[in-house]
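Letters A, B, ... mirror the listed sequences (proteins, then strands); counts begin at 1.
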Amino acid sequence: MLRTSIIKENTPEIISSLKKKNFDGQKIIKKIIETDNIRIKIQKELNSLQNHMNSLSKEIGICFAKNNKEKAEKLKSESGKLKILIQTKNDEQKIAIKKINQLLIQIPNIANKNVPIGNTEKENEIIKNFGTIPKLEKSKLPHWELAKKYDIIDFEKGNIITGAGFPLYKNKGAKLQRSLINFFLDFNISNGYTEYLPPQLVNEASAFGTGNFPDKEGQMYHIEKDDLYLIPTAEVPLTNIFRNEIINSVNLPIKLTAYTPCFRREAGSYGKNVRGLNRLHQFDKVEIVQLAHPEKSYSNLKEMVKHISNLLEELKLPFRLVKLCGGDLSFSSALTYDFEVFSAGQNKWLEVSSVSNFESFQATRTNIKFREDSNLNFCHTLNGSALALPRIMAAILENNQTESGIKIPESLYKYTGFKMIS
RNA sequence: GGAGAGAUGGCAGAGUGGUCGAAUGCGGUGGUCUUGAAAACCAUUGUACCGAAAGGUACCGGGGGUUCGAAUCCCUCUCUCUCCGCCA
């Protein structure tokens, strides 16, 4: 959420940054500024009325103490009138604040100046390619065929148990999944991230805090009976650990990591994009989150990008780093890099990580501040997948397929206890 | 799920209708003393909004009500604790 004070101070810059995200903010921002000026006017009036009321009440108290009932009654009738005025002003103020907030939450985060202009993923900027794309036999298979061949993922049983998009891992497939989780967590921990195992259901305030609610409400599973949401990513509980907190600046950056299953309704998805492990309703992911000093958040972002590159290099997977254009940027993000792994069985790039700087957008919604000397300011929040499991699994299966089976990346040996799936 | 008790500043903990934004202790910060430190002593120490400032206003879990006046009384919601029931 943007703050009214910032909007007022940088109106033209904000409107033009929002354009990059294909958001026309002209009207809504004008409305916010107008309403805020009304709010200030109301508050001034209200404060002076309240001030008057407070001194009257004190006086009445003194009159009673001195047994001067006559004067007390007279003052009482005066304050009665004031009371009605105050109530009216109070209601007006509440309405104005509510109106401003309703407008503010509709505005996406502004794009960083380095975000490329563009409307769709076609205009994303490919920064760099890493690794080499494997040359496979003509008989190469996509991962869903391989999964069947080696009996490691049962999609049909998942359909029976739950429905489409809920795969059932088994045998070495289950072990490989568990190994990847542990490998990612250990790698993150050894780079200074603190491990958490958070709740997988969150309340509305938490979902609001990270910007998933109300904007992407339809993408989350909602438990109506208890009014809770299944997390679409560990970002939601991790960021909300610090909701309404003031952090001492010496403790920044705070670095967190967590493994959680993630649940997404993926309303509107169809076709080959949802084949196999490509897009699921439930999947495993290890996430990293940072709470950062505003002046350092972009170097922290760089560090996170490097960290994720290292992780993918450990797995010997070919990948590319992509900078998202304005139109492809999410509601809350100011700058996002995607990591895409090349999966040779399908001949396509699969997004396995998305690393973003949200600047103070989420911190404003969650009210996470830091204290430096005697000043209070909003933190910056950042997060990234390190990494999302299913597509990594898909790429490992597809890229490492051989006549004799699937080769496990060396870094995983100590976790899997086996070197081949055959 | 049933019955009861409770929620006060960073923490502990007073306050049951008036001058209470809130005693006191601990912690934090600054200072005095000291070669240095500890101890002791002094001062200071919540957040938001309005205001150039002085200052003003709001906030004692959330929301609503009674009252001229609410941390204090009433209603309601949420959460915590104790007991009973159920249970991995």
Side-chain angles (χ1 to χ4, degrees), chain A residues 1-9 32-105 197-209 213 222-229 237 240-252 254 261 291 360 363-379:
Chain A
M1 186 161 76
L2 303 180
R3 272 159 271 145
T4 314
S5 56
I6 309 263
I7 290 176
K8 279 178 151 176
E9 283 161 25
I32 286 170
I33 293 172
E34 276 174 15
T35 315
D36 194 58
N37 290 336
I38 292 169
R39 193 210 103 229
I40 289 170
K41 185 171 165 273
I42 292 168
Q43 196 194 329
K44 281 180 188 169
E45 292 165 359
L46 177 62
N47 284 175
S48 91
L49 288 172
Q50 283 169 324
N51 188 3
H52 191 184
M53 183 63 139
N54 286 344
S55 48
L56 259 184
S57 293
K58 275 181 195 170
E59 216 178 316
I60 292 169
I62 292 163
C63 286
F64 275 119
K66 287 182 180 165
N67 221 357
N68 189 348
K69 281 185 182 153
E70 216 172 289
K71 192 178 176 194
E73 288 304 326
K74 200 180 150 205
L75 292 172
K76 257 188 173 182
S77 69
E78 194 180 334
S79 66
K81 289 173 210 155
L82 254 183
K83 195 184 168 183
I84 296 162
L85 279 174
I86 287 174
Q87 246 155 17
T88 316
K89 278 287 166 219
N90 215 341
D91 291 344
E92 280 177 32
Q93 191 192 34
K94 276 184 187 165
I95 290 165
I97 291 170
K98 202 174 165 189
K99 195 167 166 189
I100 293 165
N101 279 328
Q102 274 170 350
L103 294 169
L104 281 174
I105 62 170
L197 189 58
Q200 291 157 21
L201 292 171
V202 294
N203 54 32
E204 189 185 303
S206 290
F208 174 81
F213 184 95
H222 185 203
I223 315 279
E224 278 182 40
K225 204 168 181 184
D226 299 289
D227 199 17
L228 295 171
Y229 295 86
N240 277 284
I241 292 171
F242 297 91
R243 175 144 49 95
N244 293 323
E245 287 206 5
I246 297 169
I247 298 160
N248 190 325
S249 67
V250 300
N251 294 323
L252 295 176
I254 291 177
L291 303 187
S360 62
T364 302
R365 289 176 154 237
T366 42
N367 191 27
I368 303 175
K369 294 182 175 173
F370 71 96
R371 192 190 303 278
E372 189 173 41
D373 304 320
S374 57
N375 299 317
L376 280 183
N377 208 342
F378 286 95
C379 286

Grab the [atom1]-[atom2] distance between [X] and [N] for me, whole Å please.
X: A:Asp226; N: B:C77; atom1: CG; atom2: C1'; answer: 15 Å
X: A:Glu45; N: B:G51; atom1: CD; atom2: P; answer: 13 Å
X: A:Leu56; N: B:G18; atom1: CG; atom2: P; answer: 19 Å
X: A:Ile97; N: B:C49; atom1: CD1; atom2: C1'; answer: 8 Å
X: A:Lys74; N: B:C68; atom1: NZ; atom2: P; answer: 18 Å
X: A:Lys76; N: B:G69; atom1: NZ; atom2: C1'; answer: 10 Å
X: A:Leu46; N: B:C59; atom1: CG; atom2: C1'; answer: 14 Å

Using the [atom1] atom as the point on both nucleotides, what is the distance between [M] and [N], in whole Å?
N: B:C42; M: B:U24; atom1: P; answer: 12 Å
N: B:C75; M: B:A70; atom1: C1'; answer: 15 Å
N: B:G9; M: B:U45; atom1: C1'; answer: 11 Å
N: B:C33; M: B:A43; atom1: C1'; answer: 15 Å

Could you work out, with side-chain hydrogen bond (donor to acceptor under 3.5 Å, both in side chains) as the rule, every residue matching A:Lys8, not counting sequence neighbours?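 A:Lys8: side-chain hydrogen bond (donor to acceptor under 3.5 Å, both in side chains) contacts with A:Asp36, A:Asn37.
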Counting the atoms with a prime plus P, OP1 and OP2 as sugar-phosphate, which does [X] contact under 4.0 Å by heavy atoms, base, sugar-phosphate, or nothing?
X: A:Ser79; answer: sugar-phosphate
X: A:Lys89; answer: nothing
X: A:Lys81; answer: nothing

Does the pair A:Asn47 and A:Gln43 meet the rule for a side-chain hydrogen bond (donor to acceptor under 3.5 Å, both in side chains), with working shown? CA-CA 6 Å; A:Asn47 284 175; A:Gln43 196 194 329; 3.2 Å; yes
Indicate every side-chain donor-acceptor pair of residues 73-83 of chain A with a distance under 3.5 Å to a residue at least two apart or in another chain.
from	atom 1	to	atom 2	distance (Å)
A:Ser77	OG	A:Lys74	O	2.9
A:Ser79	OG	A:Lys76	O	2.8

Partner nucleotide, any strand, of B:C83 [Watson-Crick/G-U, under 3.5 Å]: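 When the pairing criteria are applied, B:G2 turns out to be the nucleotide that pairs with B:C83.
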Nearest to side-chain heavy atoms of A:Asn51, which nucleotide of B:U47, B:C50, B:U57: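 The listed nucleotide nearest to A:Asn51's side chain is B:U57.
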Between B:G46, B:C68, B:U57, which nucleotide gets closest to the side-chain atoms of A:Arg371?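 Between B:G46, B:C68, B:U57, the one nearest the side chain of A:Arg371 would be B:G46.
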